[in-house]
Amino acid sequence: MGLNLASKPYFVHLVAEIKCSFEEGNSVDWVSNKVKLLLNELDVQVLESSSRHFEPQGISQVYVLSASHIAVHTWPENEYLHLDLICCKEGVNLESFSDSIKKTFKDTANKTTELKY
């Protein structure tokens with residue numbers, strides 16, 4: 001028996017691709033601070049988090065949120081940061097996410113996308 005899509009819960013799946021310097025993308029503190037600023041902008045609370053700094057470079061962080069989760073990965077050698085947010089909070093959408101990314105990462109080149117299912 002298949003999945004009943006009529007009972008599908010509300011959530012959005014949002015992705016951001018962000019340019020960062022090698023130093024930024026290799027700094028656990030910088031990445032953590034940016035994620036916390038972003039989540040504050042979206043008014044979403046962090047319940048738990050885990051972070052891994054890879055050698056020689058790169059960071060992965062995962063946050064369990066009051067409204068689902070976010071995963072962050074960096075590739076400093078490519079000056080690239082990837083955010084993947086699944087959120088079930090009303091009011092969080094591509095527009096609010098894009099605005100929050102711009103505020104959090106200032107003049108950094110970025111691209112935001114909503115994945116639809």
Side-chain angles (χ1 to χ4, degrees):
M1 194 162 169
L3 176 66
N4 179 358
L5 294 179
S7 65
K8 179 179 159 186
Y10 171 79
F11 68 91
V12 292
H13 188 169
L14 304 164
V15 173
E17 298 176 90
I18 300 164
K19 182 171 175 51
C20 64
S21 71
F22 180 91
E23 293 76 19
E24 292 166 338
N26 206 38
S27 168
V28 171
D29 289 339
W30 184 86
V31 173
S32 296
N33 289 335
K34 289 297 185 180
V35 171
K36 289 174 187 170
L37 286 170
L38 174 66
L39 295 173
N40 188 53
E41 278 289 324
L42 294 170
D43 193 29
V44 178
Q45 179 185 6
V46 174
L47 301 177
E48 293 183 41
S49 65
S50 181
S51 183
R52 172 74 178 162
H53 186 229
F54 296 96
E55 292 299 331
Q57 71 261 339
I59 296 167
S60 287
Q61 295 180 337
V62 179
Y63 295 79
V64 176
L65 308 173
S66 59
S68 203
H69 66 277
I70 188 169
V72 184
H73 306 283
T74 70
W75 289 264
E77 67 276 19
N78 299 108
E79 298 184 332
Y80 181 84
L81 183 146
H82 181 97
L83 288 159
D84 192 40
L85 171 66
I86 295 183
C87 188
C88 57
K89 181 179 185 222
E90 294 286 340
V92 175
N93 54 42
L94 182 57
E95 182 179 354
S96 65
F97 181 66
S98 296
D99 289 346
S100 295
I101 290 289
K102 288 175 188 169
K103 286 180 188 173
T104 302
F105 292 92
K106 307 285 185 228
D107 296 324
T108 305
N110 67 74
K111 176 184 174 188
T112 54
T113 308
E114 179 178 355
L115 302 179
K116 300 225 181 205
Y117 300 94

Phe105 six-ring centre to Lys34 NZ/CZ under 6.0 Å and within 45° of normal: yes

Between [Y] and [X], is there a side-chain heavy-atom distance shorter than 4.5 Å?
X	Y	result
Tyr80	Lys19	no
Leu94	Leu14	yes
Ile70	Asp84	no
Glu17	Thr112	no

Determine yes or no for a side-chain-to-main-chain donor-acceptor pair under 3.5 angstrom, with [X] supplying the side chain and [Y] the backbone.
X	Y	result
Asn93	Glu95	yes
Ser68	Cys88	no
Asn26	Phe22	no
Ser32	Val28	yes

Parallel, tilted or perpendicular, as decided by the 30° and 60° cut-offs, for the rings of His82 and Trp75: perpendicular

Can you name the closest pair of heavy atoms from [X] and [Y] and give their distance?
X	Y	answer
Ile101	Ala16	CD1-CB, 3.8 Å
Lys106	Lys103	NZ-O, 3.1 Å
Ile86	Phe11	CG2-CD1, 4.0 Å
Glu79	Cys20	CB-O, 2.7 Å
Thr113	Lys111	OG1-CE, 3.8 Å

Starting at [atom1] of [X], measure out to [atom2] of [Y] and round the result to the nearest 0.5 Å.
X	Y	atom1	atom2	value
Lys102	Ile18	NZ	CD1	12.0 Å
His73	Phe54	NE2	CZ	8.5 Å
Leu65	Leu85	CG	CG	7.0 Å
Thr74	Ile59	OG1	CD1	4.5 Å

Glu114 atom CD: more than 12 heavy-atom contacts under 6.0 Å: yes

Stepwise side chain to side chain contact (heavy atoms under 4.5 Å, CB included) check, Leu83 with Val15: CA-CA 6 Å; Leu83 288 159; Val15 173; over 6 Å; no

Non-neighbouring partners of His13 that pass ring-ring contact (aromatic ring centres under 6.0 Å, His included), sequence neighbours left out: Tyr117

Sequence-distant partners of Glu24, salt bridge (charged side-chain N to carboxylate O under 4.0 Å, His left out), two or more places apart: none

Identify every side-chain donor-acceptor pair in residues 35-52 under 3.5 Å, counting partners at least two apart or on other chains, and give the distances.
unit_1, atom_1, unit_2, atom_2, d
Asp43, OD2, Lys89, NZ, 3.4
Ser51, OG, Gln61, NE2, 3.3

